[in-house]
Structures are given as C-alpha cells and as structure tokens.
Amino acid sequence: MKFQQAIAEYKALKTIYSQMNIQTSMGRKLLLDTEFSHSEAWIKQQWQQTEECTEFINAQNEQNLHKFFCLLNSICDVKGTVKLIEQDGVADDVALFELKVFCINIKKLKKQFDSTLMPLPDLQEAIEILDPEGLEQPSFHVYSAYSEELTKARKRWEKARNENQEEESRILYLECLKIEDQIRERLCKKLFVQVPKLKQALRNVALIDVAFAKALLAKELNLQKVEICDQKQINYKGMFHPVVKKLMSEKSKRYQDIDIEVGEDVFLITGANMAGKTMILKTLALNQLMLQYGFMTSCREGKVSLVESVQCSIGDGQNEEEGLSSFAWEIKTLDNIIKTMRQGGRHLVLVDELARTTNPVEGRKLVEGFIKVSSKQDSLTVVTTHYSNIEAPCKNMRVKGFIHHNLTPPIDIERISEHIDYSLVETDNTEVPTEALNLCRLLAIDNEWITLSEE
Amino acid sequence: MPFVEKLLGYKSVSFVGMEKNAGKTQTLNYVLNRLRTFSELKLAISSIGIDGEQVDQVTETAKPEITIYKGTKFVTAQALYNQKEIIADIESVSRQTTALGRLITAQAVSDGKVLLAGPSGSEQLKRLIDTLSTQVDLCLIDGALSRMSFGSPCITDAMILSTGAAVSASLPTMVAKTRFIYQLTQLPKYQGVESECLKQKENGIFALSDGEVIELEIPSLLMIDRYKDKIFAYGKRIYISGVLNEKFMQFLCTQKELSSTEIIIKDFTKNFASPESIHRFLQRGGRLSVLHPANLIAITANPISPSGYNFNNEQMLEALSQAIPMDIYNIKTL
C-alpha cells in the first residue's frame with residue numbers, strides 16, 4: 001500500500017502528513033509514492049537520512065534555517081525537461097530557464113547542506129552550458145554570446161527595425177529564430193551528457209526534502225527510533241499517540257504515556273469505558289504505519305517486529321455509508337482479516353470491542369473463537385473487550401482505570417484524563433471492571449436514571 | 001508631451017478602451033515610446049487577463065502588438081510569449097497557470113514587439129503588480145472594461161480611457177457613451193466602516209445596517225421579483241458584490257422614496273444597467289457608490305474607425321470636451 005492510500009485510510013496518519021513541511025513537488029510525490037516497507041535496511045536508511053537532517057537543523061540558527069527552507073521551496077521540478085533532453089528533444093527557452101535556475105539552486109543547496117547520504121551532484125558543467133556569460137543569474141535567453149552568427153543576425157534585425165523596414169525586419173527576425181533553434185538543439189545535445197547528474201539531483205533533492213520534513217516532525221512530536229527485531233513482538237516503553245498528545249498539551253490537559261508488550265499470545269485488553277482502550281489500538285496502528293513508511297515512532301523506546309500489513313477493525317461508523325448494519329460490517333471486516341492472516345506472513349491485527357453489538361452470551365463466544373483462530377497464526381493480535389471470563393489462550397490485560405480517591409461529582413468530562421491511570425496491568429479476566437454506573441455518577445448524569453439502573 | 005508626465009506620479013496605471021480599436025493599444029504604444037526619454041525610469045507592463053477581445057485576436061491574425069523597449073519588464077502567458085518579436089531574458093515563471101499557459105516574466109534585451117495576457121483575476125493581478133512594484137518604478141496594465149470575474153482596472157492607481165469612432169458612427173452617441181463611462185468613474189467611494197469587510201465578499205447581496213453586514217440570501221438580482229420583500233428587510237443601504245443589472249435598477253425606480261437608498265458596488269465596471277435608469281435613480285435622490293474608486297487621469301480619442309468612417313478631429317475633441325470636464329487627447333495628433 002502506498003503512503004497516499006494509507007493517509008486516505010488512516011485519519012491520524014493524514015494529520016501527521018498535514019503537519020509535515022514538504023517544500024518541493026518532488027518531495028511530495030516521493031513521499032506519497034512510498035510503499036509500506038518490509039525492509040529493515042530501508043527503514044534504517046530513512047532514519048539515518050532523518051538524523052543527518054536533524055544534525056543540520058540543530059547546528060543552524062533560525063534565520064539561516066528559514067533561508068535554507070526558502071531555497072528548498074524555490075526548487076522546481078524539471079523532470080519533464082530532463083526527460084525531453086534524454087529523448088533527444090529540444091527544450092524551449094522557458095524549459096531551459098527552469099533547468100538553469102534548478103542547477104543554480106542545487107548548487108546553492110549543496111553549498112549549504114552537503115549531504116553524504118543524499119549527495120547532490122556537481123552541476124557546474126550544466127550551469128556553464130546555460131550561462132555562456134558566466135554571470136550565474138537566475139535568468140535565461142539564447143544569448144548572443146552563443147554564436148557570432150546570431151550576434152550578426154540580431155544586429156541586422158535591429159538595424160532594419162530601427163529603420164522601420166517592417167517587411168525586412170520580420171524576415172530578419174525569423175532568421176534569428178532559426179539560428180536560435182539551432183543553438184537550442186546544440187545546447188540540448190550538450191546537456192544530454194548531464195542527464196544522469198540531473199536525474200541524481202532530482203532524486204536526491206526529493207530525498208532531502210522528505211528527510212528534512214521527517215526530521216522537523218520528529219523534533220516537534222518527539223519521535224524516536226526503535227529496535228527492529230525478528231521475534232514476534234511489539235514492545236513500547238512510553239508509547240503515546242502523537243496527534244492526541246499534542247492536542248492535549250495544547251489544551252494543557254494531562255496525557256499519560258504507557259508501556260505495552262505484545263508478543264506470542266493474543267493480547268486481550270479490558271477496562272472501563274473512557275479508559276483509552278481504543279486509543280491503544282489506534283496508537284499501535286499509527287506507530288506501525290509510521291515505522292514502516294520510514295518515520296520514527298511515538299515512544300520513548302521500543303522493540304518492534306515488522307509486519308506484512310496492519311489490519312484494523314475499529315468501528316468508527318464507516319459502516320453506515322455502505323448500508324450494512326454495524327454487526328454485519330464488523331463480521332465482514334473480521335472475516336477479511338482472518339482470510340488475510342491465513343494467506344501467511346505476520347500481520348498486526350487490531351480489533352476493538354469484538355462483537356459488542358450482539359448479545360453477551362454469543363458475543364463472548366465470538367471473541368473466544370476469534371482469539372483461537374488468531375492464535376494459530378503468526379500475526380500479532382490485540383483485542384479489546386468488555387466481556388469477562390474469556391476462555392481462550394491469550395494474555396489478559398486491563399487498563400488500571402479510575403483513581404477513585406478524592407473524587408467528588410460532578411467531574412468535568414473534558415478533564416477526565418486527570419482521574420484515569422492509563423497503564424496496563426495483567427489480570428486473570430474473571431471479572432471485568434464494572435465502572436459504568438460509577439462513571440455516570442461522577443459525570444452527574446440524570447439521577448433517576450442511575451438510581452433505577454441500580455435497582 | 002501631454003499627460004505622460006502625469007503618469008510618473010503613480011506606481012501603476014491601467015489603459016482601458018471603450019471598444020475594440022478605440023485606440024487603447026495606440027495610446028499604450030505612445031506612452032511607452034514617450035517614457036523612453038526618462039532613461040532612469042524602470043518600467044513593467046502586463047495585461048488584465050484574457051478577455052474575449054484578446055482571445056479573438058490570438059486566433060485571428062491581427063494582434064494588438066505592443067512595442068516595448070530595452071530594459072522594460074513584461075509579463076505574459078507562455079503561449080503569447082512564444083509569439084514575441086523581441087529578444088528577452090526570462091526572469092521567472094509562475095506556478096499558477098492561465099488558459100494560455102503559465103505567466104512568464106521577462107526583461108527586454110532589445111526593442112521589439114510583445115503580445116500580452118496577464119492573470120485573469122483581480123487578486124492575482126494585484127499580487128503581480130505588488131511583486132513588480134518592488135522591482136520597477138511604474139507598472140502599466142493593458143486593461144479592459146472588464147466583465148464579471150475578470151480583473152478590474154480599478155486595482156491600479158490610475159486609469160486612462162480610450163474612446164473614438166469605433167464606439168459609434170454617430171458623434172453624439174459616441175460622446176454620450178463616453179460621458180456615461182466618465183460619470184461612472186466619478187462615482188464616490190463608499191466611506192462606511194464596513195468597506196474593508198465588504199472587499200472580502202466575493203458573492204452575495206448584503207444589507208449594511210449600523211456597521212453590520214447582513215447577508216440577504218438573495219441568489220441573484222435577476223430574480224429580484226421573487227425577493228422584493230427581502231431586499232430592504234434590513235434598511236436601504238445595499239452592497240452588491242456582483243453585477244448591478246438593469247432589472248434591479250428598474251425595480252429600484254418603482255420605489256416611492258429613493259432619497260435614503262444607497263447602492264454600493266465593487267467598482268464602476270460592475271454596472272450593467274443602462275444610463276437612463278442610472279440617471280433616473282440618481283436624479284430621484286438615490287446614491288450609488290463604489291468600494292474601489294477609479295482614478296481616471298486622461299481620455300484619448302481616436303477619430304478613425306476600423307470600418308472606415310472618420311470624425312473630424314476638431315469637432316470630435318470639441319464635442320467631448322464640452323461633455324466631459326477632463327483632459328482629452330486626439331490619439332492621431334499626439
């Protein structure tokens with residue numbers, strides 16, 4: 001799956017993407033065309049490139065950095081022109097102008113940031129072809145300096161013009177154009193030799209652009225590298241959802257990072273409502289996507305296995321659009337996930353409140369069945385549920401939940417995070433947290449409703 | 001050297017013609033030629049969009065070629081850039097595209113002829129003028145008495161109007177039409193506190209009441225019959241962001257009392273109503289004002305029409321001067 005498709009599917013990833021400062025169209029295209037990678041080497045290479053940019057950023061003052069990004073921003077895509085030259089075509093003045101400005105800008109960029117991992121080629125020869133007067137100005141026309149013949153023809157034309165010989169001047173101008181065409185052809189032939197270097201410049205300026213955007217993102221969201229391992233595990237210490245954490249901190253609300261160790265067994269999470277179970281799944285999905293698209297991840301440290309794909313069943317009401325009942329939509333989604341797992345390979349499977357829309361007796365059985373099916377596969381599976389006494393081979397975890405002391409209702413729903421311990425603890429799953437009523441009371445919900453519910 | 005010196009006091013001047021062949025291009029060429037004597041003056045030239053007139057002329061053979069001189073910057077669309085007859089150094093290429101390709105900014109290396117087509121929206125044109133203003137002393141804009149979405153000449157500091165025999169074969173008719181346009185350019189600027197807010201409104205009809213801007217939710221003035229009750233629901237000061245049409249003016253003239261009615265339009269080019277109904281409205285005490293006033297600094301007149309009939313030079317100037325209190329120049333004798 002390409003990054004472009006992934007951001008259409010995962011809202012948080014799109015938010016991350018929209019926060020990135022991509023400067024060039026080449027960079028944007030490169031990033032959007034990036035495939036979900038299964039290569040540890042590629043991911044590490046991406047991190048190294050990001051780190052090279054981070055070092056550069058840290059060594060600059062704000063003003064220089066601003067100038068650097070302005071320069072990067074002014075670099076235009078000249079892929080079309082390079083292709084034209086490669087195919088023995090002749091570029092027009094506008095295309096040659098853009099190519100010249102591109103080469104000059106690449107030269108300037110190289111002077112400021114001489115990357116060892118994404119090296120920019122020396123384009124001096126190309127610049128000289130387009131700059132016979134040696135001024136290195138960001139402008140272009142077919143200079144008279146290119147040929148004596150052109151100089152003479154232009155002089156004849158100007159003379160006729162000045163003498164108001166309309167007809168004559170028109171003929172002489174066409175003659176100049178003919179010579180200009182020959183010169184452009186000659187220039188493009190000379191530039192043909194430079195095509196490999198130009199292509200390298202195009203490729204690497206895109207890499208540089210993306211790497212800088214990733215570096216700034218990592219700095220802003222405090223993203224880290226993780227250890228990539230072969231074992232079936234996803235372990236994070238201090239994992240957080242970068243989008244939500246930033247949002248919370250902007251509203252000066254509490255956000256708690258958590259530790260999580262998903263391994264061989266299916267990872268089953270129970271916990272009170274509002275305790276952040278769904279958020280754990282979403283964070284795991286986002287982190288895995290970021291990792292395998294070559295970003296750093298949102299945690300303090302981690303040890304993570306690469307997966308073939310991320311499979312989610314996190315109901316967000318998408319089903320309505322397809323005209324399916326919520327149950328039908330969920331069951332179809334899970335069926336597809338099972339089919340994918342059966343095809344082999346290791347996937348990250350994230351299922352939120354499995355079978356929550358059906359009766360608890362059968363719902364529990366469906367959960368147990370799904371866990372049993374998943375256990376036979378190589379995939380890493382995390383399931384959240386409200387059902388207790390699940391009898392299936394899994395690792396039972398619970399979100400600690402409400403910190404009850406010192407709580408007097410009503411509490412502000414906006415500040416609920418201050419009263420919840422989001423950390424995960426092992427449990428035996430004989431009893432699920434029964435805090436729904438308690439919660440309603442804390443939130444000062446209609447008293448009669450609560451009282452009658454308790455009877 | 002009349003009126004050319006007047007231009008030097010401005011950063012941007014647009015040239016508009018009442019009709020095709022009214023002599024706008026001749027005026028522009030005259031000005032460009034005259035400005036050569038100010039060797040220190042840095043000059044740029046572009047055009048308002050690609051209106052019907054220019055597209056016609058792109059496809060036909062007769063083109064309004066403008067002669068510019070060494071050192072002048074010009075901005076034109078790529079398709080027209082390639083038809084130039086001049087040696088020019090390309091300095092920048094826009095990222096946005098117009099119907100005729102991207103906009104090329106170039107500096108003339110020799111004297112020669114260019115074809116111009118600039119950005120088509122007022123906003124883009126304004127941005128272009130702002131950019132050019134940092135590099136040159138004076139921007140000349142080949143304008144148009146534009147329609148609807150096209151850029152308006154009123155975004156420049158000053159304006160020169162060209163009229164002539166091409167407008168009408170009858171001298172009195174030509175004078176009357178020119179006088180009407182002149183009168184529109186003299187519409188007062190709306191002074192209310194809401195004017196900054198109104199400049200942001202791209203479409204809709206609004207009531208202005210005690211400094212408040214209230215959208216009237218009338219989709220079009222063409223449907224004024226159905227919204228008669230709504231239009232004055234919040235008072236008699238109305239801003240029309242689009243075109244002021246004849247139907248609405250006639251509707252206004254059926255109102256009993258007009259002395260407290262004020263209609264505000266974006267600029268004078270947005271008026272499509274007839275001179276008769278405008279005059280009637282104003283005579284009965286109605287007020288018509290604009291957000292962007294036009295600064296008309298000269299009128300040029302061309303006694304020769306393309307279809308062959310000519311006015312007598314002196315009679316033409318005499319008739320225009322009597323009707324319009326403004327400097328008027330015969331383009332043929334400049």
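Below, read A as the first sequence line, B as the second, and so on, with proteins coming before strands; counting in each chain starts at 1.
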**Request:** List for me each residue that meets salt bridge (charged side-chain N to carboxylate O under 4.0 Å, His left out) alongside A:Asp114, sequence neighbours excluded, and say none if there are none.
**Result:**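 Partners of A:Asp114 under the salt bridge (charged side-chain N to carboxylate O under 4.0 Å, His left out) test: A:Lys110.
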
Pull every donor-acceptor pair under 3.5 angstrom between chain A and chain B and give the atom names with distances.
{"residue": "A:Asn73", "atom": "O", "partner": "B:Arg95", "partner atom": "NH2", "Å": "2.7"}
{"residue": "A:Glu98", "atom": "OE1", "partner": "B:Arg102", "partner atom": "NH2", "Å": "3.2"}
{"residue": "A:Glu98", "atom": "OE2", "partner": "B:Arg102", "partner atom": "NH1", "Å": "2.8"}
{"residue": "A:Ser139", "atom": "OG", "partner": "B:Asp89", "partner atom": "OD2", "Å": "2.6"}
{"residue": "A:Phe140", "atom": "N", "partner": "B:Asp89", "partner atom": "OD1", "Å": "3.2"}
{"residue": "A:Phe140", "atom": "N", "partner": "B:Ile90", "partner atom": "O", "Å": "3.0"}
{"residue": "A:Phe140", "atom": "O", "partner": "B:Ile90", "partner atom": "N", "Å": "2.8"}
{"residue": "A:His141", "atom": "N", "partner": "B:Asp89", "partner atom": "OD1", "Å": "3.2"}
{"residue": "A:His141", "atom": "ND1", "partner": "B:Asp89", "partner atom": "OD1", "Å": "2.8"}
{"residue": "A:Arg170", "atom": "NH1", "partner": "B:Glu85", "partner atom": "OE1", "Å": "2.2"}
{"residue": "A:Tyr173", "atom": "OH", "partner": "B:Lys84", "partner atom": "O", "Å": "3.1"}
{"residue": "A:Tyr173", "atom": "OH", "partner": "B:Ile86", "partner atom": "N", "Å": "3.3"}
{"residue": "A:Tyr173", "atom": "OH", "partner": "B:Ile86", "partner atom": "O", "Å": "3.3"}

**Asked** In this structure, are over 12 heavy atoms from other groups packed under 6.0 Å from A:Gln63 atom CD?
**Response**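 No, the 6.0 Å shell around CD holds no more than 12 heavy atoms from other groups.
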
**Request:** Assess whether atom CD of A:Glu125 is packed by more than 12 heavy atoms of other residues, nucleotides or ligands within 6.0 Å.
**Result:**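 It does not: A:Glu125 CD has 12 such atoms or fewer within range.
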
**Prompt:** So which part of A:Cys76 gets closer than 4.5 Å to some heavy atom of chain B, the side chain, the backbone, both or neither?
**Reply:**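 For A:Cys76, the side chain is the part near chain B, not the backbone.
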
**Request:** Report the residues that fulfil side chain to side chain contact (heavy atoms under 4.5 Å, CB included) with A:Val195, sequence neighbours left out, ordered by chain and then residue number.
**Result:**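 Testing A:Val195 for side chain to side chain contact (heavy atoms under 4.5 Å, CB included), a comparison that skips the adjacent residues, returns A:Val82, A:Ile85, A:Glu86, A:Lys199.
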
**Message:** Tell me every residue that passes side chain to side chain contact (heavy atoms under 4.5 Å, CB included) with A:Pro138, counting only those two or more places apart in sequence or in another chain.
**Reply:**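 Residues passing side chain to side chain contact (heavy atoms under 4.5 Å, CB included) with A:Pro138: A:Val101.
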
**Item:** Contacting moiety of B:Ile90, where chain A heavy atoms sit under 4.5 Å
**Value:**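 Looking at B:Ile90, backbone and side chain both touch chain A.
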
